[in-house]
Novice: 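Provided herewith is a single structure, encoded as structure tokens, for subsequent inquiry.
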Amino acid sequence: MKNRVVLTFTAALALAVGLIGCATARRSEPIVGRVVAGDPSLAAGRQLFMQNCHACHPGGEAGLGPALNNKPLPPCLIEFQVRHGLGAMPALKTDRLSEGDLDEVVKYLVALRRG
């Protein structure tokens with residue numbers, strides 16, 4: 001049973017990485033969208049994004065890392081990518097970005113894509 005779960009997760013991850021690799025890069029179009037002003041977790045997510053992600057993904061565009069604007073990953077795969085890294089991206093462990101902080105960053109990215 002455990003092997004089946006691992007195989008299913010690996011296949012889903014491989015499919016997601018393949019789809020991401022085939023996506024087109026959106027240059028000069030930063031992530032934009034309406035952010036609900038009354039939601040403090042989105043403001044916190046934006047601040048955490050600026051502190052931890054912006055250097056490699058400026059405004060969601062490609063920089064040292066790939067563009068995030070055109071990556072409609074589900075939240076669980078965003079979290080997996082952040083925690084484990086992939087390619088040039090380093091893993092951001094809980095001593096750098098807590099679980100709660102990661103949840104806020106993911107919520108912020110999802111909210112921006114809706115906008």
Side-chain angles (χ1 to χ4, degrees):
M1 179 69 179
K2 183 178 179 183
N3 288 339
R4 177 179 262 176
V5 171
V6 171
L7 182 61
T8 302
F9 180 76
T10 303
L13 183 60
L15 177 64
V17 169
L19 290 173
I20 291 168
C22 295
T24 60
R26 286 176 47 187
R27 303 262 184 209
S28 299
E29 290 185 48
I31 295 177
V32 294
R34 295 181 303 181
V35 176
V36 179
D39 192 340
S41 68
L42 292 182
R46 180 183 185 283
Q47 181 178 7
L48 290 162
F49 177 87
M50 297 303 285
Q51 292 171 347
N52 296 285
C53 311
H54 182 76
C56 295
H57 307 281
E61 294 184 35
L64 292 175
L68 302 176
N69 302 356
N70 60 345
K71 308 288 189 284
L73 290 176
C76 64
L77 287 180
I78 295 171
E79 292 173 5
F80 183 86
Q81 171 80 29
V82 171
R83 287 292 179 229
H84 300 282
L86 184 64
M89 181 171 172
L92 299 180
K93 300 297 183 187
T94 55
D95 61 340
R96 177 155 175 206
L97 192 65
S98 72
E99 290 298 325
D101 289 350
L102 178 56
D103 290 342
E104 289 184 356
V105 170
V106 170
K107 185 177 177 182
Y108 172 71
L109 289 172
V110 170
L112 288 177
R113 288 188 185 129
R114 276 191 226 131

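Just so it is clear, the values below take in all heavy atoms, side chains as well, and ignore hydrogens, waters and symmetry mates. Start at 1 with the first residue, then count along the sequence.
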Novice: Can you tell me how far the CD atom of Glu79 sits from the CG atom of Leu97, to the nearest 0.5 Å?
Specialist: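 Between atom CD of Glu79 and atom CG of Leu97 there are 10.0 Å.
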
Novice: I want to check something: taking the side chain as every heavy atom from C-beta on, are Arg46 and His54 in contact at a cut-off of under 4.5 Å?
Specialist: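 In short, these two side chains do not touch, never coming nearer than 4.5 Å.
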
Novice: For the atom pair CG (Asn52) and NE2 (His57), what is the distance rounded to the nearest 0.5 Å?
Specialist: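 If I round to the nearest 0.5 Å, the distance is 11.0 Å.
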
Novice: If you take all heavy atoms of His84 and Ala91, which pair is closest and at what distance?
Specialist: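 Minimum heavy-atom contact is C-CB, 3.6 Å.
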
Novice: At their closest point, which heavy atom of Arg83 faces which heavy atom of Thr94, and how far apart are they?
Specialist: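 The pair with the smallest heavy-atom distance is NH1-N, 3.6 Å.
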
Novice: Which of these, Pro74, Pro75, Cys76, sits in a side-chain contact (heavy atoms from CB on, under 4.5 Å) with Val106?
Specialist: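 For Val106, the side-chain contact (heavy atoms from CB on, under 4.5 Å) test succeeds with only one of Pro74, Pro75, Cys76, which is Pro75.
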
Novice: I'd like to check Asp101 versus Val105 (side-chain heavy atoms, cut-off strictly below 4.5 Å). Are they in contact?
Specialist: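 No - every pair of side-chain heavy atoms lies 4.5 Å or more apart.
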
